[in-house]
Amino acid sequence: MAEKTLNEISGDTRRLHTKAVEATQRENTDYAIALFCQILEKEPGFVECRKALRAQQFRKAGTASTGFFKKMLSGAGSSPQIAKAKMALNKNPAEAMAVAEQVLSGDPTSHAAHRIIADAARALEMPQTMLFELETMAKNSPKDKAVVMEYALAVSETGSNARIAEKILDELIRTSPYDTDLLQIQKNLSAHKTMNEGGYGQIEGGEASYRDILRNKEEAVSLEQEKRVQKTEDVAERLLGEYETRLQTEPDNMKLMRSLAELYTQKNKFDEALELYGRIKNSEHGNDSSLDLAIANTVVRQFDHAIAQLNPFAPEHADQVARYQAEKVSFQIGECQKRVEKYPTDLAIRFEMGVLYFQAGKIGEAIQEFQKAQGYPHKRIAAMSYLAQCFAKRKMFDLAAAKLRDAIKEKPAFDDEKKDLIYQLGCVLESMGKKEEAIEQFKLIYGEDAGYKDVSAKVDAYYASQ
């Protein structure tokens, strides 16, 4: 199925799209979402529309007054729709995409829904849509090795812009600097960086398919032979067998043992993974905070997997999900508290503890952890941002504004993180009743990126009222 631009869709659909855009400008989010979904049912290959829809879905989720536990339980109600979309995936991928979008309208972070759309886009040969979904998944779960590898691999195969993939991959490699799989993917991205300019633009313009572009690029022949739409699942299976064989002859190779444990986790073989982690823990290399984190993440994924295996049509399904989610949250907080006590000077753990407290609504405890985490260079700005959010939740708007201004001063580059800080400051100033100061912040973003969140609507409304 061909992907389309605005000029390639029918006149009626273009008029519908105009109404949807106008709805976003009026901040009528629900109506905009409904219209965008209606358009995509007619034109599933309309990439610009899907991106606009996703922005509105995230905007709605960001402004909804939902607590942590309510958010955690939101997946229960969408499970029947996920099951329906999965059943439609093979026979009617376009229908599966439409159902998955309904799920995302309620929870734009739903991994299962994004996975369905990505797989459907691959089946329909819609590379832009597939890349957009994989990018969203990677941004939502930047520590999920399988997802990040799949996204980076797709980027290198299609010759699309590698900047975002490189950024996410580099961040993951910083936490696993000796992971050979990640390093190989990084090498692939670097080798294909020259393909970014021009090639992807041809895809967007409909001048060529991604296969055509690859054939016109250096090393395209070897890519077609060696990495033809190679799925991460296949890579994991191959490596699993290789590592298991090696471990028999290298039983004391801790690095190999850890890599195998990570693969077991990816394949949902949690008992095997935890057994290997336990062996490392009992060795002379066991006093490692990153190892404790890996074990904790494996247990969390085990909880998530158990929830996914529940029968969504069972009458007790919601109660079962609630029980598992409560146990998972309790485990996460308790486990992280233990690591804080064991490694009291590890500020990365302090930051993690703060995020868990923040998500659980324990704002006072979160403030204390984020104040300590400010001393961690890699998370300093993020900790300051969270601190501002904590102050704002307690209606300490003056403290929130001061913290945001300090963070903005420390961000020389006008990147997404700085935009978010400026946007937060604008919102805080609005809450303080300082409308003129607030609009100055939104205008700073508008001058560089008019499509960021709802700044365009805010700035347009301001000038319309003059």
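- A salt bridge does not link R339 with D346: every distance from a Lys NZ or Arg NE/NH1/NH2 to an Asp or Glu carboxylate oxygen is 4.0 Å or more.
- Heavy-atom minimum distance, P312 versus A83: CG-CB, 4.4 Å.
- Salt-bridge check for R122 with E150: passed, with a basic side-chain N closer than 4.0 Å to an acidic carboxylate O.
- The closest donor-acceptor contact from the side chain of S110 to the backbone of A113 lies under 3.5 Å.
- Checked against ring pair (Phe, Tyr, Trp, His ring centres under 6.0 Å), Y264 has no partners two or more places apart in sequence or in another chain.
- Pairs of residues two or more places apart, or lying in two chains, that qualify as ring pair (Phe, Tyr, Trp, His ring centres under 6.0 Å) and include a residue from residues 290-312 are F270-H305.
- When side chains are defined from C-beta on, L274 counts as touching I295, because their heavy atoms get closer than 4.5 Å.
- Residues V300 and E335 have side chains not in contact (no heavy-atom distance under 4.5 Å, counting atoms from C-beta outward).
- Evaluation of the side chain to side chain contact (heavy atoms under 4.5 Å, CB included) rule for E43 yields K4, I9, T13, F46 as partners, not counting sequence neighbours.
- Counting only residues at least two apart or in different chains, ring pair (Phe, Tyr, Trp, His ring centres under 6.0 Å) contacts with residues 326-352 comprise F351-F370, F351-Y386.
- Within the 4.5 Å cutoff, no side-chain heavy atoms of T29 are placed close to those of T24.
- With sequence neighbours excluded, the residues satisfying side chain to side chain donor-acceptor pair (under 3.5 Å) with D449 are K419.
- Closest non-hydrogen pair, L89 versus I116, comes out as CD1-O, 3.8 Å.
- Residues L404 and Y423 fail the side-chain proximity criterion, which asks for heavy atoms closer than 4.5 Å.
- In the model, Q102 has no side-chain atom that pairs as donor or acceptor with a side-chain atom of K84 under 3.5 Å.
- Contact detail for A85 and A100: the closest heavy-atom pair is CB-N, 4.4 Å.
- Shown here for V455 and A450, the closest heavy-atom pair between the two residues is CG2-O, 3.9 Å.
- Between I117 and F132 there is no side-chain heavy-atom pair separated by less than 4.5 Å.
- The main-chain N or O of E327 is never found under 3.5 Å from a side-chain atom of S330 such that the two would form a donor-acceptor pair.
- Between M126 and G45, the closest heavy-atom pair is SD-CA, 3.6 Å.
- The salt bridge (charged side-chain N to carboxylate O under 4.0 Å, His left out) pairs that include a residue from residues 356-372 are R350-E369, where partners are two or more places apart or lie in different chains.
- Evaluation of the salt bridge (charged side-chain N to carboxylate O under 4.0 Å, His left out) test over residues 283-299, restricted to residues two or more places apart or in two chains, returns R258-D288, K281-D292, D292-K342.
- Listed by chain and number, the residues in a side chain to side chain donor-acceptor pair (under 3.5 Å) with R54 are Q57, E101, E133 (sequence neighbours excluded).
- Judged purely by distance below 3.5 Å, without hydrogens or angles, the side chains of T129 and E3 pair a donor atom with an acceptor atom.
- Remark: Y376 engages H378 in a ring pair (Phe, Tyr, Trp, His ring centres under 6.0 Å) (not counting sequence neighbours).
- Smallest separation of non-hydrogen atoms from R50 and P44: NH2-O, 2.9 Å.
- For E95, the salt bridge (charged side-chain N to carboxylate O under 4.0 Å, His left out) criterion is met by no residue, not counting sequence neighbours.
- For the side chain to side chain donor-acceptor pair (under 3.5 Å) test, residues two or more places apart in sequence or in another chain that qualify with N253 are E250.
- Distance alone, capped at 3.5 Å, is enough to place a donor-acceptor pair between the T298 side chain and the A294 backbone.
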- Message: K418 vs D415, test: salt bridge (Lys or Arg N to Asp or Glu O under 4.0 Å). Steps then yes/no.
- Response: CA-CA 5 Å; K418 186 163 187 174; D415 55 12; over 6 Å; no
- Message: Please evaluate residues L256 and L260 with respect to the criterion side-chain contact (heavy atoms from CB on, under 4.5 Å), reporting the C-alpha separation (whole Å), side-chain torsions for both, the decisive distance (0.1 Å), and the verdict.
- Response: CA-CA 6 Å; L256 176 62; L260 181 55; 5.5 Å; no
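- Counting only heavy atoms from C-beta outward, the side chains of T136 and F58 approach each other to under 4.5 Å.
- In this structure R380 satisfies the side chain to side chain donor-acceptor pair (under 3.5 Å) test together with E410, sequence neighbours excluded.
- No side-chain donor-acceptor contact under 3.5 Å links S141 to the backbone of A138.
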